[in-house]
Amino acid sequence: MSDVIPLTESGHATGATLSLDAMIIGTGVAGLYELHLLRQQGLSVMAFDTASDVGGTWYWNRYPGARFDSESYIYQYLFSEDLYKGWSWSEKFPGQPEIERWMHYVVDRLDLRKDMRFDTTVTTARFDEAIGRWRVETDRGDVIDTRYLITCCGMLSAPLTSVFPGQDTFEGTLFHTARWPKTPVDFSGKRVGVIGIGATGIQVIQTIADQVGHLTVFARTPQYTLPMKSPAYGAVEQDSYKARFRELAERIPHTFSGFEYDFENGAWADRTPEERHAIIDEIWRDGSLKLWLASFAEIFTDEEASEVVSEFVRAKMRERLKDPRLCEILIPSDYGFGTHRVPLERGFLDVFHRPNVTLIGLRDTPISAITPKGIELADGTEHALDVIILATGFDAGTGALTRINIRGRDDRSLKEEWAQDIRTTMGLQVHGYPNLFMTGAPLAPSAALCNMTTCLQQQAEWISDCIAHMRSRDVQVIEATKAAQDEWVEHHDALAEATLVTKTHSWYMGSNVAGKPRRLLSYIGGVGTYRQKCTAVAEHGYPGFTFR
Ligand code: NAP
């Protein structure tokens, strides 16, 4: 074990040098578990975070209405029955405050806080080939020397905050949803504009519509929405899901999406149209993401299946929206259901029938600028506003890592490489960056096509096991070979190209960020399959990786 040179009492001595076995960036779901696992191995390890406290996504995304759309009883750590049963959820899809409290519960139960540093942003990480270690710098002036660098930065953690010309001139208040203040925002009597109707915008809009003076929603690409049902949980429901711990822990890691449910309705071709409709209708009533992730796998690949399910959802939306103008702006027609993230909603569609809500469709008339007084459209129309909420999304997958100056062998730059082509080895390593391990990174099932806790636990365990393997063999450095990486990228792309997902515009394909190379960011072979492949690599002694 390395000698640890402690930071000062305040934890942030300028120029301090800290020597670690492993450094973790991020204290969200993955970072907490990785810290726990590596500490259990006896490594000197610390986790750093830009945030002032733990939570990751659930620290930053405290906007009004933020909540789960994974069922609470599966968005869980599954390595400890005791930890699982020690927390009781109040409903099926709880809100951000309860989720944040749960993360604090985990930190306290595992006694993780003493090995964490907050309000500290990693700025640069350089691999020193001569000694096989990373030299990491922070905005506090810390210099950390570490054998292993593990990024647990989140797939959706680099918000697109500077989107429109003139943003800085706005005389009212402007928020991005992922940088929401901790103190409550008073919307009463205010003219509020929300830009974006992704999963985030939908949650904000449906939550604040009855709190604002007037709400103007700026919508570009319409969404297939599913109504969420979130029953309250009392002691009976809590006891009931806790009693299923072992069953859930065995099942969830092996399904297509890391959720409890899976594709179990047989092949599309084997069902009559009536049977298909009955199945779709029944699953739709579940009020969850099941219609997307566990109805028929063919919705991802077969144009006809995709159109049938898409039309089913459109019809449900038309029933609620009624008004042809609302239908025109809010119901998708030119891409298939589920070919990008499906949002759950609770009253979102009904909001547009309120007298204090105006819907602006942007498809033909985009936003040209933010002015001192509000939002201006390309046709010169100006909407006067007191508050603007940017629900404009993220530079997904790559953004969190390219915002750090990561330098691998021969001073190569991850930012520069990914500006050309986004490549990883199973989303866990990148060729040319020895001893850098990643969670929630591109080309793994992260975020887009999995229940995050399922995927992140599997990745955290794989990394911990790999480090244990290295230590048991007394090797210091691991690196993915170029050949193994090429093979993974080719496999990933072949699966992706066989689906309809690659044809749809969204952050899944990186098309929400100008100039970003196109590639499906999430592995689409299934969470269970991905796990099997990662496990096989470990069991066979890590073929495709070199050690020294
Ligand atoms: P998003 O899905 O990327 O949506 C961004 C929205 O902003 C889109 O409607 C987009 O329109 C719009 N937009 C961006 N730039 C624009 C511009 N220049 N002009 C007009 N509109 C613009 O981002 P998000 O809603 O934050 O969601 C991101 C992901 O976070 C989700 O897909 C989901 O995975 C995750 N999330 C999860 C939860 C949960 O689990 N409960 C909740 C919220 C979010 P276009 O589509 O036309 O580009």
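Just so you know, residue 1 is the first one in the sequence shown, and it goes up from there. Indexing begins at 1, ligand by ligand and atom by atom, following the structure's order. Basis for what follows: all heavy atoms, side chains included, without hydrogens, waters or symmetry-related copies.
Judged by distance alone, the side chains of Ser230 and Glu91 do bring a donor and an acceptor atom under 3.5 Å apart. In this model, a donor atom of one side chain and an acceptor atom of the other lie less than 3.5 Å apart for Tyr73 and Glu260. Side-chain atoms of Tyr224 and Lys316 include no donor-acceptor pair closer than 3.5 Å.
Contacts between Phe68 and ligand 1 below 4.0 angstrom, taking non-hydrogen atoms only, involve the backbone exclusively. Neither the backbone nor the side chain of Ala66 comes within 4.0 Å of ligand 1, counting heavy atoms alone. Contacts between Gln203 and ligand 1, counted as non-hydrogen atom pairs separated by less than 4.0 Å, involve the side chain only. If you look at Phe93 next to ligand 1, there are no close heavy atoms at all, none under 4.0 Å. Heavy atoms of Leu344 found under 4.0 angstrom from ligand 1: none, in either backbone or side chain.
The option from Leu449, Thr177, Ile197 that lies nearest to atom 9 (O) of ligand 1, judged by heavy atoms, is Ile197. Of the candidates Ile99, Thr221, Leu156, Ile195, the one placing a heavy atom closest to atom 35 (C) of ligand 1 is Leu156. Distances from atom 23 (O) of ligand 1 to the heavy atoms of Ala396, Ser506, Gly393 show the closest one on Gly393. Counting heavy atoms only, Ala391 comes closest to atom 5 (C) of ligand 1 of the residues Ala391, Gly201, Ala514. Ranked by closest heavy atom to atom 24 (P) of ligand 1, the top entry among Asn512, Asp69, Thr200, Asn61 is Thr200. Nearest to atom 19 (N) of ligand 1 by heavy-atom distance, out of Gln96, Arg363, Arg220, Arg341, is Arg220.
When only interatomic distances are considered, the shortest N/O to N/O separation between Trp58 and ligand 1 does not fall below 3.5 Å. No N or O atom of Leu362 sits closer than 3.5 Å to an N or O atom of ligand 1. Every N/O-N/O distance between Gln223 and ligand 1 stays at or above 3.5 Å.
Taking the six-membered ring where tryptophan is involved, the planes of Phe300 and Phe256 are tilted, since the angle between them lies from 30° to 60°. Using cut-offs of 30° and 60° on the angle between ring planes, the pair Trp87 and Tyr105 is tilted. Ring geometry for Tyr261 versus Phe259: interplanar angle under 30°, hence parallel rather than tilted (30 to 60°).
Remark: Arg341 fails to qualify as a cation-pi partner of Trp507 under the 6.0 Å distance and 45° angle criteria applied to the six-membered ring.
Not a single heavy atom of Met155 sits less than 4.0 Å from an atom of ligand 1.
For ligand 1, the atoms sitting less than 4.0 Å from at least one non-hydrogen atom of Val163 are 18 (N), numbered in the order shown with element in parentheses. Atoms of ligand 1 found under 4.0 Å from any heavy atom of Phe164, numbered from 1 in the order shown, are 17 (C), 18 (N), 19 (N). Using a 4.0 Å cut-off to heavy atoms of Tyr63, the atoms of ligand 1 that qualify are 42 (C), 43 (C). The Arg67 neighbourhood of ligand 1 comprises atoms 39 (C), 41 (N), with distances under 4.0 Å to a heavy atom of that residue. For ligand 1, the atoms lying closer than 4.0 Å to a non-hydrogen atom of Gly196 are 6 (C), 7 (O), 9 (O), 12 (C).
The heavy-atom pair separating Ser506 from His340 by the smallest distance is OG-CB, 3.2 Å.
Between Tyr59 and Lys182 the shortest side-chain heavy-atom distance falls below 4.5 Å.
Applying the ring pair (Phe, Tyr, Trp, His ring centres under 6.0 Å) rule to His383 yields the partners Phe218; only residues at least two apart in sequence or on another chain are considered.
Pairs passing the side chain to side chain donor-acceptor pair (under 3.5 Å) check and including a residue from residues 204-219, sequence neighbours excluded, read His214-Thr358.
Atom CD of Glu311 has more than 12 heavy atoms from other residues, nucleotides or ligands within 6.0 Å.
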